[in-house]
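Input: a single structure, listed below in structure tokens.
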Amino acid sequence: MQKIFKPLILIIGIFLCSSAVHGQHPDFSGTWILNLEKSKLEDVSDGFTGSVFIIAQEGDEFKLTRYHIYGKKQNRIKFKMKADGEERRIKLFFTGTLEWQGTNLVSDLWRNNFSNIVNYHFGTDTNEFVADEVYKGAPRDHHNIWVFDRMIGAQVN
């Protein structure tokens, strides 16, 4: 009986530890620089030259500061959301949800005649971040796949 019991306990222990590790959500925190060569952008504003995402994530708390760069000018917008699937006001302009779907984080923002759904996930490894965006509204519907590389060491001002 002990010959079966000890291996069974070991297998159950390994399974429980493995489930706990794999059940955790990825941490997307970091500074991410847009890789225009890897990205597939159907719609960008005139003069657009790049983008930087700065993400601070603690558990289900997700803070994104996004800089779109137009030459020497930067357009900044900040979002704070909680990944619990609850509908909330985001900024003064939007209503939205943020929720985990497996290892992907899905943001859904909307208002009258506007919808923006973004599926955030790692790309080929944890140094590549993808924001797969489906936008419906003015000036035109589009599907952008933003691919970012992790900035290591230096800081963005």
Mind running side-chain contact (heavy atoms from CB on, under 4.5 Å) on F79 and I90 for me, showing each step along the way? CA-CA 7 Å; F79 291 96; I90 310 299; 3.3 Å; yes

Would I55 and K63 count as a side-chain contact (heavy atoms from CB on, under 4.5 Å) if you check the C-alpha gap in whole Å, the side-chain angles of each, and the deciding distance to 0.1 Å? CA-CA 6 Å; I55 298 172; K63 297 176 186 174; over 6 Å; no

Can any side-chain N or O of S29 pair as donor or acceptor with the backbone N or O of Q57 at less than 3.5 Å? yes

In F122, Y67, W32, F53, the residue satisfying ring pair (Phe, Tyr, Trp, His ring centres under 6.0 Å) with F148 is F53

If two hydrophobic side chains count as joined below 4.5 Å and joins carry through other members, does M81 share a cluster with Y135? yes

Quick one: CD on Q74 to CD1 on I77, what's the gap to the nearest 0.5 Å? 14.5 Å

Taking the side chain as every heavy atom from C-beta outward, state whether I54 and M151 have any pair of such atoms under 4.5 Å apart. no

Using a 4.5 Å cut-off on heavy atoms from C-beta on, say whether the side chain of D149 contacts that of N127. no

Connected to V134, directly or through other members, by ILVMFWY side-chain contacts below 4.5 Å are none

Can L36 and T49 be said to form a side-chain contact (heavy atoms from CB on, under 4.5 Å), step by step? CA-CA 9 Å; L36 283 167; T49 56; over 6 Å; no

Under 3.5 Å, side chain of D108 to main-chain N/O of T97, donor-acceptor pair present? no

Between W146 and H68, does the ring centroid distance fall short of 6.0 Å? yes

Answer with yes or no whether the hydrophobic clustering places F62 together with V130; edges join I, L, V, M, F, W, Y residues whose side-chain heavy atoms lie under 4.5 Å apart. no

With a 4.5 Å cut-off on side-chain heavy atoms, are R76 and K78 touching? yes

Rounded distance (nearest 0.5 Å) linking atom CD of E128 with atom OG1 of T126: 10.5 Å

Before we go on, tell me: are the rings of F28 and Y120 under 6.0 Å apart, centre to centre? no

Any side-chain heavy-atom pair from H121 and N119 closer than 4.5 angstrom? yes

Can we call the ring centroids of F114 and F94 under 6.0 Å apart? yes

Least distance between heavy atoms, L105 atom then A83 atom: CD1-CB, 3.6 Å

Hey, what do you get for NZ (K136) to NE2 (H143), rounding to the nearest 0.5 Å? 10.5 Å

Atom CG in D60, atom NE2 in H25: separation rounded to 0.5 Å? 6.0 Å

Which atoms form the tightest heavy-atom contact between G30 and R150, and what is the distance? CA-NH1, 4.2 Å

Measure the spacing between CG of L98 and NZ of K80 and express it to the nearest 0.5 Å. 14.5 Å

Ignoring hydrogens, what is the shortest heavy-atom contact between D132 and I145? Give both atom names and the distance. OD1-CG1, 3.9 Å

Got a second to check how far T103's OG1 is from Q24's CD, nearest 0.5 Å? 13.0 Å

Side-chain touch L34/F48, heavy atoms, less than 4.5 angstrom: yes

Around atom CG of D125, are there more than 12 heavy atoms of other residues, nucleotides or ligands at under 6.0 Å? yes

Answer whether the closest heavy-atom distance between the side chains of D43 and R140 falls below 4.5 Å. yes

Check: F129 and I33 side chains under 4.5 Å, non-hydrogen atoms: no

Judged by atom type as modelled, is there a donor-acceptor pair below 3.5 Å linking the side chain of S107 to the main-chain atoms of V118? no

Validation row: D84, W100 side chains within 4.5 angstrom (heavy atoms): no

